[in-house]
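In each ligand, atom 1 is the first atom listed, and ligand 1 is the first ligand listed. Predicted, not measured: the structure shown is a model, and the values here were computed from it. FYI, side chains are in, hydrogens and waters are out, and symmetry mates aren't considered; it's all heavy atoms of this structure.
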Amino acid sequence: MTSTAELLEALKAAGEPTRLRILAVLADSELTVSELCRVLGQSQPRVSRHLRLLCEAGLLERNAQGTHAYYRPARRGTGRQLLDALLPLLSLDDEQVARDRSRLGDIRAERAEAAAEYFERIADDWDGMRKLHVADVEVEAAMVASLDHHTDRGGRVEDLLDIGTGTGRVLELFASRIGHGLGIDLSKQMLNLARSRLEAQGLVHCAVRHGNVYDLNVDSGSVDVAVLHHVLHFLDDPARAIAEAARTLRPGGQLMIVDFGPHSHEQVRTEFAHRWLGFADEEIASWSLDAGLLNTQVTHLENETMTVTLWVATQHADAPAVYPLEAAS
Ligand SMILES: C[S@@+](CC[C@H](N)C(=O)[O-])C[C@H]1O[C@@H](n2cnc3c(N)ncnc32)[C@H](O)[C@@H]1O
């Protein structure tokens, strides 16, 4: 139950022009102070003061990532309730809101361009880098065990979707266990390498195509297992990617996410273009729940420097499903 004092504090915090703009800008993004300064055209001390007030009033959360801090809308409590009531009232036609959104669009486009350029550049070296950073034998064994567990319990693995497939290693890993595999990636160079890999091994039931994690162009309810293997930490909006992946799952289908646990190796930002320094279990579980997925199972796999985690969440039984015509007849 919200106390009157809490509500008043949140209303007072929101009731100021710049702070209202901040809430509008952060409604669908998570930004650092300096990114917000660029959007608002205001100085860092001013913006920081507004952010502090909004956090204290429970309207925003501060997500500390090493030496960076990202600000995002509160996910629960009075602040969340107030945001749900307030944000739909902000007119997108308002000139100021439109200007802020357009600057935010520029920042996002710059980030996406930098990330895309990075992957085109490193594509040829990715398999080598992958061995050093993520392709732990142990991680792959845990992924295979998870898939086998799903099948042993009667789960289908006819259609597998590998989101951000890169050079297609995950398709290769699961190829002998699935009916069809589809890999999707933004980088044409990565896709060329994935095609060569699949062709070289005669994996004709697996294919790759160009696409974006946020808009997969895959039918809703048409996939048994979707995989996001070391993709989320590069993305602007991991929650949106999880929601889009969840949309593709059939009832009982599984989303398998592999990524780093929270860490403090700042250099991965500059050296490897990571945006996020890993993810906490609660964060992934709450994004999965928001996407309609249930029962997130967690496996932590430690190596000397980082924890890699496998999270597996399940699509609920009442989700709508699409099956291929031959399977339906
Ligand atoms: C670190 S690689 C991982 C590749 C693969 N999952 C693996 O484990 O080898 C991340 C991949 O995500 C892709 N990617 C990044 N942002 C993307 C987006 N918005 N849509 C589709 N793919 C994206 C990159 O092009 C890159 O191939």
Under a 4.0 Å N-O cut-off, is there an ion pair linking R195 with E199?
-> no
Just say parallel, tilted or perpendicular for the rings of F260 and H263, cut-offs at 30° and 60°.
-> perpendicular
Examine H229 against ligand 1 and note whether any of their N/O atoms are separated by less than 3.5 Å.
-> yes
Evaluate the ring planes of H274 and F234, with Trp represented by its six-membered ring, and classify them as parallel (under 30°), tilted (30 to 60°) or perpendicular (over 60°).
-> perpendicular
Under 4.0 Å between heavy atoms, the region of T165 that gets near ligand 1 turns out to be backbone
Worked check of salt bridge (Lys or Arg N to Asp or Glu O under 4.0 Å) between E282 and R76 = CA-CA 13 Å; E282 308 75 54; R76 44 188 74 84; over 6 Å; no
L104 versus R38: any side-chain heavy-atom pair under 4.5 Å?
-> no
Salt bridge flag under 4.0 Å for residues R177 and D148 | yes
A student comparing D185, L186, L173, V258 should find that the heavy atom closest to atom 25 (O) of ligand 1 comes from D185
Contact check, T167 vs ligand 1, heavy-atom distance below 4.0 Å = no
Could you tell me whether K12 and E9 make a salt bridge, using a distance below 4.0 angstrom between a side-chain N and a carboxylate O?
-> no
Kindly identify the option in D127, L171, V213, L216 whose heavy atom sits closest to atom 20 (N) of ligand 1.
-> V213
Would one find an N or O of N212, backbone or side chain, under 3.5 Å from an N or O of ligand 1?
-> yes
Location of contacts on R169 toward ligand 1, heavy atoms closer than 4.0 Å = neither
Give the atoms of ligand 1, by number and element, whose distance to some non-hydrogen atom of H230 is under 4.0 Å.
-> 1 (C), 2 (S), 3 (C), 10 (C)
Is G164 close to ligand 1, meaning an N/O of one under 3.5 Å from an N/O of the other?
-> yes
Can you list the atoms of ligand 1 that are under 4.0 Å from a heavy atom of S187?
-> 25 (O)
Within a distance under 4.0 Å of any heavy atom of G166, pick out the atoms of ligand 1 and give their elements.
-> 4 (C), 27 (O)
Which atoms of ligand 1 have any heavy atom of M190 under 4.0 Å away?
-> 27 (O)
Reference residue L171; test side-chain contact (heavy atoms from CB on, under 4.5 Å); the match among L160, V227, L203 = L160
Only one of L182, L198, L193, N192 passes side-chain contact (heavy atoms from CB on, under 4.5 Å) with V208; say which it is.
-> L198
Can G211 be said to touch ligand 1, with heavy atoms closer than 4.0 Å?
-> yes
